[in-house]
Amino acid sequence: MGTRLGDLVERFGGQLVGDPDLEVQGIAPLDGAGASHISFLSNSKLRALAAQSGAAALIVSPLDDATVATTYAGARIVTTNPYAYFARVAQYFVALEEVVPPPGIHPSAVVHETARIAPTAHIGPNATIEEGAVIDAGVRIDAGCFVGREAEIGADTHLFANVTFHARCKIGKRGILHSGAVIGTDGFGFARENGVYIKIPQTGRVLLGDDVDVGANTTIDRGALDDTIIEDGVKLDNQIQIGHNCRIGANTAMAGCVGVAGSAKIGKNCTFGGAAMVLGHLEIADNVHISSGSMVSRSVLEPGQYTGFYPLAKNAEWEKSAAIVRNLSSLREKMRSLEKQIKQLTEPSEQK
């Protein structure tokens, strides 16, 4: 069954231009949408594509609507943030088709007798729930997950298959941990004596707030003494490494392969492009945006966009530039020497 545009507007807001009884079956990109789809325009550079779209309806901003309306014949939902509106509509359509497993514990799961499992939680096949763990209402733990001793999983949180959530760690409400995520592994802590590494016990925890998303194969280390803290609304992509004793502020987002070394403190509402690196013990202020591939080697105490990589070039050009950079120190000394000589030569004439 389709969904009426009027129902979408009633649920999510916006201004409808067109027939409220028009039904759509799902959401699709501009160039792939058909008569049963709704699509969205969030990039003004795609106005021409939107005007030619076969979608039954478009989600557009007021500015784009004024342009698209002259050539596009379908219905439109006008809203100030089409991309966010699209996200909510997409969630809605996914929820309509999602198969939700029933509450209860699968017979093959291993659950310690002291674990507290809410009646509405789902524990999937071959999951392991250890002593004293707390699983709140509406939690979904899929096949093969491990929840350690005295760990706590907040209400409506979803652990996809094969997540490892170690002892005493906690996550708040509505969290999402994707397959292969490992929460609470030992931090990389060693003392060195006479050429030998001595392991430092990692006795802290990992504490994740509400609405935290953790991508596939992302790892978050437990603290050495204090806790590693991930605040509310943080979004971590796949294959990210968060070192021990880090703190990541609310609503910060990191793209794939970001690495954050131990004891770094990152503020709220920051963004990190893919493969960005943060050295340990640094502090990054709120509202800092780090470009992809950048190396953060010093604290960043003012908000803004920061970039730390050399532009891509042909290898021969790069080698030439690298040679110049290596010689900058000697060139500087030569320049200083020449400046001194020039000064000595010009001073007598100036005195005359």
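Start at 1 with the first residue, then count along the sequence.
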**Prompt:** In Å, rounded to the nearest 0.5 Å, how long is the span from NE2 of H166 to CZ of R205?
**Reply:** 16.0 Å

**Prompt:** Of H122, R140, H178, which is the lone residue that meets side chain to side chain donor-acceptor pair (under 3.5 Å) with H158?
**Reply:** R140

**Asked** With no hydrogens and no angle check, do the side chains of Q341 and S337 hold a donor and an acceptor under 3.5 Å apart?
**Response** yes

**Asked** Between K235 and D213, does a salt bridge (Lys or Arg N to Asp or Glu O under 4.0 Å) hold up when you go through it step by step?
**Response** CA-CA 5 Å; K235 309 301 181 187; D213 282 29; 3.5 Å; yes

**Message:** Treating D227 as the side-chain partner and G204 as the backbone partner, does any N or O pair qualify as donor plus acceptor under 3.5 Å?
**Reply:** no

**Request:** Kindly compute the distance separating OG (S108) from CD1 (I123), expressed to the nearest 0.5 Å.
**Result:** 11.5 Å

**Request:** Check G18 against A75 and note the closest heavy-atom contact, atom names and distance.
**Result:** CA-CB, 4.1 Å

**Message:** Less than 6.0 angstrom from the centroid, inside 45 degrees of the normal: does R192 satisfy that with respect to the ring of Y197?
**Reply:** yes

**Request:** Hey, can you tell me if Y83 and F40 have their rings parallel, tilted or perpendicular (30° and 60° cut-offs)?
**Result:** tilted

**Item:** Verdict with supporting geometry, Q202 and H244, side-chain hydrogen bond (donor to acceptor under 3.5 Å, both in side chains)
**Value:** CA-CA 8 Å; Q202 306 290 292; H244 60 180; 2.7 Å; yes

**Asked** Can you tell me if CZ on F93 sees more than 12 non-hydrogen neighbours from other groups inside 6.0 Å?
**Response** yes

**Prompt:** Atom CD1 of I183 and atom OG1 of T219: how far apart are they, to the nearest 0.5 Å?
**Reply:** 8.0 Å

**Asked** From H37 NE2 over to I27 CD1, what is the distance, rounded to the nearest 0.5 angstrom?
**Response** 9.5 Å

**Prompt:** Do the side chain of E231 and the main chain of A250 share a donor and acceptor less than 3.5 angstrom apart?
**Reply:** yes

**Prompt:** Hey, is the main chain of I240 close enough, under 3.5 Å, to the side chain of T218 for a donor-acceptor pair?
**Reply:** yes

**N/O donor-acceptor pair under 3.5 Å between T346 side chain and I342 backbone** = yes

**Asked** Got a salt bridge between R174 and D211, using NZ or NE/NH1/NH2 to carboxylate O under 4.0 Å?
**Response** yes

**Asked** Got R222 and C169 here, is their nearest side-chain heavy-atom distance under 4.5 Å?
**Response** yes

**Message:** So which atom in A264 and which in V260 form the shortest heavy-atom distance, rounded to 0.1 Å?
**Reply:** CB-CG1, 3.7 Å

**Side chains of V300 and Y306 in contact at under 4.5 Å (non-hydrogen atoms)** = yes

**Asked** With distance as the sole test, does S39 use its side chain to make a donor-acceptor pair with the main-chain N or O of L30 at under 3.5 Å?
**Response** yes

**Asked** Would V78 and L63 show up in the same hydrophobic cluster when neighbours are defined by side-chain heavy atoms closer than 4.5 Å?
**Response** no

**Message:** Do N269 and D286 make a side-chain contact, defined as non-hydrogen atoms from C-beta onward lying under 4.5 Å apart?
**Reply:** no

**Prompt:** Quick check: are there more than 12 heavy atoms from other residues, nucleotides or ligands sitting under 6.0 Å from CD of E98?
**Reply:** yes

**Request:** State, yes or no, whether a side-chain contact exists between I198 and E193 at a heavy-atom distance under 4.5 Å.
**Result:** yes

**Item:** Salt bridge flag under 4.0 Å for residues K170 and E152
**Value:** yes

**Asked** Looking only at heavy atoms, which two atoms of F309 and G293 are closest? And how far apart?
**Response** CB-O, 4.1 Å

**Request:** Just do the side-chain hydrogen bond (donor to acceptor under 3.5 Å, both in side chains) check on Q241 and D221 with the steps written out, would you?
**Result:** CA-CA 8 Å; Q241 160 66 18; D221 292 345; 3.0 Å; yes

**Item:** Backbone of A55 reached by a side-chain donor or acceptor of Y72 within 3.5 Å
**Value:** yes

**Message:** Check this for me: does any side-chain nitrogen of one of D136 and K173 sit under 4.0 Å from a carboxylate oxygen of the other?
**Reply:** no

**Asked** Between E333 and R336, does at least one N-O distance fall below 4.0 Å, as a salt bridge requires?
**Response** yes

**Item:** Minimal non-hydrogen separation, A313 against W318, with atom names
**Value:** CB-N, 4.4 Å

**Side-chain heavy atoms of L236 within contact of I220, under 4.5 Å** = yes

**Asked** Short question: side chain of D19, backbone of D21 - any donor-acceptor pair under 3.5 Å?
**Response** yes

**Prompt:** Is it true that atom NZ of K314 has more than 12 heavy atoms of other residues, nucleotides or ligands lying nearer than 6.0 Å?
**Reply:** no

**Request:** Measure from the side-chain N and O atoms of T164 to the backbone N and O of V182, and report whether any donor-acceptor pair falls under 3.5 Å.
**Result:** no

**Asked** Is it true that R4 and E10 have a side-chain N and a carboxylate O under 4.0 angstrom from each other?
**Response** no

**Request:** Mind checking the OH-OG1 spacing from Y85 to T80? Nearest 0.5 Å is all I need.
**Result:** 10.5 Å

**Item:** I38 versus L58, closest heavy-atom pair with distance
**Value:** CG1-N, 4.5 Å

**Prompt:** Would V206 and V134 show up in the same hydrophobic cluster when neighbours are defined by side-chain heavy atoms closer than 4.5 Å?
**Reply:** no

**Prompt:** Are V288 and I248 linked, directly or through other ILVMFWY residues, by side chains that come within less than 4.5 angstrom of each other?
**Reply:** yes

**Message:** In the structure I gave you, are the side-chain heavy atoms of L207 and I171 within less than 4.5 Å of one another anywhere?
**Reply:** no

**hydrophobic_cluster_shared for M295 and V258, side chain cutoff 4.5 Å** = yes

**Message:** Counting C-beta onward and ignoring hydrogens, is there a side-chain heavy-atom pair between L159 and V147 closer than 4.5 Å?
**Reply:** yes

**Asked** Are V17 and F86 connected, step by step, through hydrophobic side chains (Ile, Leu, Val, Met, Phe, Trp, Tyr) whose heavy atoms are closer than 4.5 Å?
**Response** no

**Request:** Measure the shortest side-chain to side-chain distance between F190 and I200 over non-hydrogen atoms and say whether it is less than 4.5 angstrom.
**Result:** no

**Asked** Q305 and S291: side-chain donor and acceptor closer than 3.5 Å?
**Response** yes

**Prompt:** Between S179 (side chain) and A161 (backbone), is there a donor-acceptor pair under 3.5 Å?
**Reply:** yes

**Request:** Output yes when a side-chain donor or acceptor of T120 lies under 3.5 Å from a complementary backbone atom of G138, and no otherwise.
**Result:** yes

**Asked** Please walk me through it: do E131 and T114 pass side-chain hydrogen bond (donor to acceptor under 3.5 Å, both in side chains)?
**Response** CA-CA 6 Å; E131 177 183 359; T114 62; 4.8 Å; no

**Item:** Taking every non-hydrogen atom, the tightest pair across N245 and D226
**Value:** ND2-O, 3.1 Å

